[in-house]
There are 2 protein chains.
Amino acid sequence: MARWQPDAPGRLAAAALDLFEENGYENTTVIEIAERAGLTKSTFFRHFPDKREVLFGGGTVAGLLVEGIASAPPGAGPLDTVAEALDALGRTFFTADHRDFSRRRQAVLNAHTELREREALKRIGLTASMIEALRHRGVPDLTARVAAQLGTLTWEIAFDQWIDAGNGEGFGPLARQALAEVRAAGAAG
Amino acid sequence: MARWQPDAPGRLAAAALDLFEENGYENTTVIEIAERAGLTKSTFFRHFPDKREVLFGGGTVAGLLVEGIASAPPGAGPLDTVAEALDALGRTFFTADHRDFSRRRQAVLNAHTELREREALKRIGLTASMIEALRHRGVPDLTARVAAQLGTLTWEIAFDQWIDAGNGEGFGPLARQALAEVRAAGAAG
DNA sequence: CCAGTGATGGGACTTGGTCTCATCGACCCT
DNA sequence: AGGGTCGATGAGACCAAGTCCCATCACTGG
């Protein structure tokens, strides 16, 4: 039998989410997280650069976005291209069985400034990835920045709705509708 | 003669900026900052909630934005309202004699992830203030969110140009022009 | 059976941040 | 002038985050 149970990072992330829900972020010690996962502080920091990052593990989102933008139909406008990327996100990441986890995670993030700060930084990174991917398609810089910004806003709106939705409505359609509304609001501004 | 020199927060902020430029953010200790200002660690944390915040002291920006939005002409559209607010910022905050300080400060912020993270959080707060002020004028929620988001983007663009500009071009005109470009890019997306 | 490799444990150490108590200076009041 | 109050500072103990180094264990291949 193995001394080491598999998937240490996953166990740490799960333990952290549990403890943050139970006692709050700042009342939870890294040592407590590690102990609940059957590990130690050393191992925690070997897998995550800091305490906050334990909630931002699955870092494939940027890749999905870039891929989605790159594989959009050649004639598509910038915002439609972004919509394509959001769809890809909905198919791979924001799927029905991740919804409960996403809701729990987001509730913790919303409750603690320190975590929302990290979330903001991540969001900037993702927006930058989208801008880069759009420019790679030949979209002018400023247009790409506007489209990415509106895309991020769309994502935010759709995500909130997806989290709150009692029915099992998918992320993709919600994003499509949110994008249409953002577009209309932009035209009205 | 006074035991206490005046303006402890200002001296701490100045000392911090100096030291961050000299040795970098993470190589600078709060104790070092305090000592250079002729104070102690205790006093530092009495004036600033944490080490990062020492670079985000002048917290009147949100007020200026809200005021600018509130005092825009009644008939103005959302984006023009935001332009009004950016103008107010340029008149009061981003004035010619603050340009050098702003450049130094921004250089430090750009160089350290920890500080850009805090900057991102501040930006979110300001965007939220703008949204609230716009809604208070009767702007529909979604329109307000889009306008505020584009306003923040405009700000970012204009600020970068203002920082880099060799000539003494003012922030206001730069923001006006940036907004026009953002508008055009939005229409093209 | 043994050596090498990679993940973990353990503990010392620095720093950010909190808290409490003592101290000092200015101002007020008589 | 003298005493008392109040706000700002100093001093130091204390906890938790994060870094670093080295020992230890399990697995693998010879």
Side-chain angles (χ1 to χ4, degrees), chain A residues 1-57 108-109 111-119 121-122, chain B residues 1-57 108-109 111-119 121-122:
Chain A
M1 57 176 269
R3 169 188 184 188
W4 302 306
Q5 302 300 319
D7 192 22
R11 276 154 50 212
L12 286 167
L17 183 54
D18 286 349
L19 286 168
F20 293 164
E21 281 177 332
E22 292 174 20
N23 310 326
Y25 175 78
E26 50 264 356
N27 293 325
T28 303
T29 288
V30 170
I31 296 186
E32 291 171 356
I33 299 171
E35 277 177 355
R36 175 164 302 200
L39 296 167
T40 64
K41 183 181 153 191
S42 298
T43 303
F44 180 96
F45 285 111
R46 206 167 280 123
H47 290 288
F48 301 101
D50 60 46
K51 184 182 171 185
R52 306 169 184 184
E53 204 66 18
V54 72
L55 287 183
F56 297 87
V108 173
L109 293 191
H112 301 283
T113 308
E114 221 171 327
L115 293 171
R116 293 203 299 149
E117 198 172 25
R118 178 58 52 86
E119 191 190 17
L121 188 64
K122 296 287 181 185
Chain B
M1 55 176 270
R3 168 188 184 190
W4 303 304
Q5 302 299 320
D7 191 22
R11 276 155 51 214
L12 286 167
L17 183 54
D18 286 349
L19 286 168
F20 293 165
E21 281 177 332
E22 292 174 20
N23 310 325
Y25 175 78
E26 51 264 356
N27 293 323
T28 302
T29 288
V30 170
I31 297 185
E32 291 171 357
I33 299 172
E35 278 177 354
R36 174 163 302 200
L39 295 167
T40 64
K41 182 182 155 190
S42 298
T43 303
F44 180 96
F45 286 111
R46 207 169 279 123
H47 290 288
F48 302 102
D50 60 45
K51 183 182 173 187
R52 306 170 185 184
E53 204 66 19
V54 73
L55 288 183
F56 298 87
V108 173
L109 293 192
H112 300 283
T113 308
E114 221 171 327
L115 293 171
R116 295 202 299 147
E117 197 172 27
R118 177 59 52 86
E119 191 190 18
L121 188 64
K122 297 286 182 186

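Residue numbers begin at 1 in each chain, while the letters A, B, ... track the order of the sequences.
Put simply, Thr43(A) has a side-chain N or O that comes within less than 4.0 Å of OP1 or OP2 on dG9(C). Look at His47(A) and you won't find any side-chain N or O under 4.0 angstrom from OP1 or OP2 of dA7(C).
Distances from the side chain of Leu39(A) to the nucleotides dA11(D), dC20(D), dT8(C) place dT8(C) closest. Across dG9(C), dG18(D), dG12(D), the shortest atom-to-atom separation from the side chain of Ser42(B) is found for dG12(D). With distances taken from any side-chain atom of Thr29(B) to the nucleotides dG9(C), dG17(C), dT15(C), the minimum falls on dT15(C). Comparing atom distances between the Lys51(A) side chain and each of dA17(D), dT9(D), dG17(C) picks out dA17(D) as nearest. The listed nucleotides are dA17(D), dG17(C), dT9(D); the one nearest the side chain of Lys41(A) is dA17(D).
For the pair Leu12(B) CG and dG17(C) P, the computed distance is 14 Å after rounding to whole Å. Between Glu117(A) atom CD and dG16(C) atom C1' the separation is 14 Å, expressed in whole Å. Per the geometry, CD1 belonging to Ile33(A) stands 13 Å off P belonging to dA16(D), to the nearest Å. Regarding Asp50(A), its CG atom lies at a distance of 13 Å from the P atom of dG17(C), rounded to whole Å. The distance between atom CD of Glu35(B) and atom C1' of dA11(D), rounded to the nearest whole Å, is 13 Å. Spacing between atom CD1 of Ile31(A) and atom C1' of dA17(D) amounts to 10 Å, rounded to whole angstrom units. The nearest whole Å value for the distance from the CZ atom in Arg46(A) to the P atom in dG6(C) is 14 Å. Between Glu114(B) atom CD and dA17(D) atom P there is a gap of 15 Å when expressed in whole angstrom units.
At least one donor-acceptor pair closer than 3.5 Å links the side chain of Arg11(B) to the backbone N or O of Gln5(B).
A salt bridge links Glu117(A) and Arg52(A); the closest N-O separation between the charged side-chain nitrogens and carboxylate oxygens is under 4.0 Å.
Closest-nucleotide positions on DNA chain D for Thr40(B) and Phe48(A) were compared, and the one nearer the 5' end corresponds to Thr40(B).
When the options Leu12(A), Ile33(A), Val30(A) are evaluated for a side chain to side chain contact (heavy atoms under 4.5 Å, CB included) with Phe48(A), the one that passes is Leu12(A).
One distance of note links CG of Leu19(B) with CG of Asn27(B); it measures 11.0 Å at 0.5 Å rounding.
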May I have the step-by-step check of salt bridge (Lys or Arg N to Asp or Glu O under 4.0 Å) for Lys122(B) and Glu53(B), ending in yes or no? CA-CA 10 Å; Lys122(B) 297 286 182 186; Glu53(B) 204 66 19; 2.5 Å; yes

